[in-house]
Amino acid sequence: MRRAKSVYSARRRRDAAAGIGGLFGEPAWDILLDVYIAQKSRREIQVSSVCIEAGVPSTTILRWLTRLELEGLIYRASDNVDGRRRYVRLTDAGTALMTRVLDTINIGD
């Protein structure tokens, strides 16, 4: 998780330094990092909260959530108490992918 947080933080700093929102956009990577960090922190992350800091339109995030779901990397689950609320979670394949990629890029150690 430390590596994922380091990568995510570096991306946010880079975006802030550029001063141009969405210039370095990689929505799929941002989503996967966000959800991975949330799961490793034992937090639920709502669809509406995914990648707020990424600075891309919600329609872009929703399109990428659909794509990542079709790829079998994430799934959306309804809240048992409030059916209007939906959460994003990594599948086992999504967790394995993130672990493999983060181990490969070897940042933050």
From the list Arg76, Arg63, Arg89, salt bridge (Lys or Arg N to Asp or Glu O under 4.0 Å) partner of Glu69 resolves to Arg76
Separation between OG (Ser49) and CZ (Arg85), nearest 0.5 Å, reads 10.0 Å
Any donor and acceptor pair, going by atom type alone, linking the side chain of Ser6 with main-chain N or O of Arg2 inside 3.5 Å?
no
Margin query: Taking the side chain as everything from C-beta on, heavy atoms only, tell me whether Trp29 gets closer than 4.5 Å to Met98.
Written below: yes
Checklist entry - Checking Ser78 side chain against Arg86 main chain: does a donor-acceptor pair fall under 3.5 Å? => result no
Verify the neighbour count for atom CG of Asp92: are there more than 12 heavy atoms of other residues, nucleotides or ligands below 6.0 Å? no
Contact between Arg43 and Ile37 at the side-chain level, heavy atoms closer than 4.5 Å - yes or no? yes
Exercise. In the single-linkage hydrophobic clustering (I, L, V, M, F, W, Y; side-chain heavy atoms under 4.5 Å), do Ile105 and Val35 co-cluster?
Worked result: yes
Taking every heavy atom of Pro27 against every heavy atom of Thr60, the minimum-distance pair comes out as CG-CG2, 3.9 Å
Non-hydrogen side-chain atoms of Leu102 and Leu33 separated by less than 4.5 Å: yes
Correct closest heavy-atom pair for Ala93 and Gly72 would be CB-O, 3.7 Å
Between Ile45 and Tyr87, is any pair of side-chain heavy atoms under 4.5 Å apart? no
Subject >> Flag side-chain contact, heavy atom, 4.5 Å: Val47 against Leu62 >> reply: yes
| query | More than 12 non-hydrogen atoms from neighbouring residues, nucleotides or ligands closer than 6.0 Å to CG on Asp82, yes or no? | reply | yes
Rounded to the nearest 0.5 Å, the CG atom of Leu32 sits from the CG atom of Leu97 at a distance of 6.5 Å
Verdict with reasoning, Tyr36 to Leu90, per side-chain contact (heavy atoms from CB on, under 4.5 Å): CA-CA 7 Å; Tyr36 181 84; Leu90 292 175; 3.8 Å; yes
Side-chain contact test, heavy atoms from C-beta onward, threshold under 4.5 Å: evaluate it for Thr95 versus Gln39 and give yes or no. yes
| task | Check step by step if side-chain contact (heavy atoms from CB on, under 4.5 Å) holds for Ile74 and Thr91. | result | CA-CA 5 Å; Ile74 65 159; Thr91 62; 5.6 Å; no
In this structure, CG of Leu65 is separated from CD1 of Ile31 (nearest 0.5 Å) by 4.5 Å
Practice problem: Step by step, work out the side-chain contact (heavy atoms from CB on, under 4.5 Å) result for Lys5 and Ser41. | Solution: CA-CA 10 Å; Lys5 282 184 173 184; Ser41 300; 4.3 Å; yes
